[in-house]
Amino acid sequence: MMTSRVLSGVQPTGNLHLGNYLGAIKQWVDIQGSYECLFCIVDLHAITVPQDPKYLTESTLDTAAAYIACGIDPETSVIFNQSRIAGHCELAWILGTMTPLGWLNRMTQFKEKAGKHKDQSGLGLYGYPVLMAADILLYHATHVPVGEDQKQHLELTRDIAGAFNRQYDREYFTLPEPLIAGPATRVMSLRDGTKKMSKSDESEYSRIHLSDDSDTIAKKFKKAKSDMHEGITHDPDNRPEATNLINIYAAITGKTHEQVCQEVESMGFSQFKTLLSDAVIEHLGPITTTYRQLTDDKAYLQSLLDKGAENAAALAEKNIKQIKEIVGFVV
Ligand code: TRP
């Protein structure tokens, strides 16, 4: 029987926020009992834009702490940082040789990140999706939980897996399937409901950090952008801010959209924001406490990543050897 294996990852680029949690990590927690799971901290991806080395080290440990604080069980899931396993880079190179530039040129994330300065962007940023394909295929992951913005990269991964299978004339890679997340797949900025919640937004008020205390969370929701309409309704086209707050409330309470809409339709923003901020504070409280404790225990985090790297290597080394043999390398 084929095992169902999940691989996913986030970049260690600083303080995790509610978007990372509701858009990715919370879903991992919900599925970890049903799949064999590998949760990666993608430090190789992080350096596709310049990173301060000290900050990168700290962010990597903090991200490991966040995974555990959010409820990932390190006894059953493998938590590791990508750069420890050489196979990611090795496979990315091999896959890069069968990825046409035309496919990469379609990637919207590259277009957005490179902007008008395409000629100044590094090869790493351009090849980012190939490395992501390598992350997934190195472990023969069958399922990948991805948010809306990463769906295109997963599609590309499937195309690249197909290209490899065709080139070597065998069904070696199974094509990974996306796992679709719940209501708040895409958490938007609290200052602008049309923009994704992001660590690069200059306004602290645009996002809730996992390390924020209750007062800060309450203040950020109080200041969150609202609109002039009456009541609170889910209307993505005309009311992006109200819609975002409803999505967050649904995701954090586990209620359906319909339930939430009924509950809040007659409220004003101020009443709804209090309800929402209380729910978020209650939900994040225990996570924040554990997160703070763990980030102080660097020795524990280091040993956790050591153990994760060992477990990931056991799978990766076997697979990369097979792949090299298929390619014809002498191993
Ligand atoms: N590109 C993903 C993001 O920015 C992170 C990532 C890297 C990833 N490798 C992955 C996600 C493999 C899923 C599977 O969110």
Side-chain angles (χ1 to χ4, degrees), residues 4-14 16-28 31-32 35-49 51 56 59-60 63-64 66-67 70 72 77-85 87-92 95-96 99 104 107-114 124-161 173-181 184-187 196-200 207 308 312 315-316 319:
S4 294
R5 182 178 291 154
V6 156
L7 181 131
S8 199
V10 300
Q11 295 191 35
T13 42
L16 290 187
H17 55 68
L18 195 62
N20 302 121
Y21 175 60
L22 293 178
I25 304 173
K26 183 164 184 293
Q27 198 201 2
W28 302 354
I31 61 172
Q32 64 180 335
Y35 298 87
E36 182 189 334
C37 292
L38 294 131
F39 298 119
C40 190
I41 301 166
V42 293
D43 48 9
L44 295 170
H45 279 107
I47 62 163
T48 55
V49 295
Q51 301 289 338
L56 181 60
S59 296
T60 302
T63 306
Y67 284 6
C70 291
I72 302 294
S77 296
V78 179
I79 298 175
F80 70 109
N81 61 311
Q82 189 187 25
S83 62
R84 296 282 279 271
I85 310 294
H88 292 253
C89 290
E90 294 176 308
L91 183 56
L95 298 178
T99 306
L104 292 178
M107 296 298 113
T108 45
Q109 180 174 296
F110 175 74
K111 288 189 222 168
E112 276 166 20
K113 283 199 182 171
L125 194 62
Y126 192 55
Y128 179 114
V130 181
L131 179 60
M132 177 163 160
D135 299 339
I136 296 165
L137 298 175
L138 180 59
Y139 300 95
H140 297 216
T142 54
H143 295 84
V144 181
V146 275
E148 201 55 51
D149 65 319
Q150 294 298 314
K151 271 204 189 128
Q152 196 186 30
H153 288 162
L154 187 60
E155 272 307 311
L156 182 80
T157 302
R158 292 166 59 88
D159 289 343
I160 294 176
F173 288 124
T174 24
L175 306 192
E177 301 284 340
L179 279 180
I180 307 301
T185 321
R186 215 170 141 77
V187 178
K196 205 177 154 183
M197 184 176 283
S198 158
K199 35 198 153 204
S200 49
R207 59 187 169 259
L315 297 168
N319 291 342

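Atoms within a ligand are numbered from 1 in the order they appear, just like the ligands themselves.
Checking only distances, Tyr128 does come within under 3.5 Å of ligand 1, N or O to N or O. At least one N or O atom of Gln150, backbone or side chain, sits closer than 3.5 Å to an N or O atom of ligand 1.
The closest approach between a heavy atom of His153 and any atom of ligand 1 is not below 4.0 Å.
Listed by number with element, the atoms of ligand 1 under 4.0 Å from a non-hydrogen atom of Val42 are 7 (C), 9 (N). With ligand atoms numbered from 1 in the order given, ligand 1 contributes 4 (O) to contacts under 4.0 Å with heavy atoms of Gln11. Near Leu7, meaning under 4.0 Å from any of its heavy atoms, are these atoms of ligand 1: 12 (C), 14 (C). Close approach to Asp135 involves these atoms of ligand 1, each under 4.0 Å from a residue heavy atom: 7 (C), 9 (N), 10 (C). Residue contact check: Val144 has heavy atoms under 4.0 Å from atoms 13 (C), 14 (C) of ligand 1.
Residue, atom and distance of the protein heavy atom nearest to atom 5 (C) of ligand 1 are Gly9 O, 3.5 Å. Protein heavy atom nearest atom 13 (C) of ligand 1, with residue, atom name and distance: Ser8 OG, 3.6 Å.
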(message) For Asp149 and Thr108: C-alpha separation, side-chain torsions, deciding distance, then whether side-chain contact (heavy atoms from CB on, under 4.5 Å) applies.
(response) CA-CA 9 Å; Asp149 65 319; Thr108 45; over 6 Å; no

(request) Assess whether side-chain contact (heavy atoms from CB on, under 4.5 Å) is satisfied between Tyr67 and Val10, documenting all intermediate values. (result) CA-CA 10 Å; Tyr67 284 6; Val10 300; 3.3 Å; yes

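The part of Ile136 lying near ligand 1 is the side chain, judged by heavy-atom distances below 4.0 Å.
Counting heavy atoms from C-beta on, the side chains of Tyr126 and Thr48 never come closer than 4.5 Å.
Side chain of His140 to backbone of Thr174: no donor-acceptor contact under 3.5 angstrom is found. Between the side chain of Asn319 and the backbone N or O of Leu138 there is at least one donor-acceptor pair closer than 3.5 Å. A donor-acceptor pair under 3.5 Å is formed between the side chain of Arg158 and the backbone N or O of Pro176.
When ring centroids are compared, Tyr139 and Tyr35 stay outside the 6.0 Å threshold.
Between the CG atom of Leu175 and the CD atom of Glu155 there is a distance of 9.5 Å, given to the nearest 0.5 Å.
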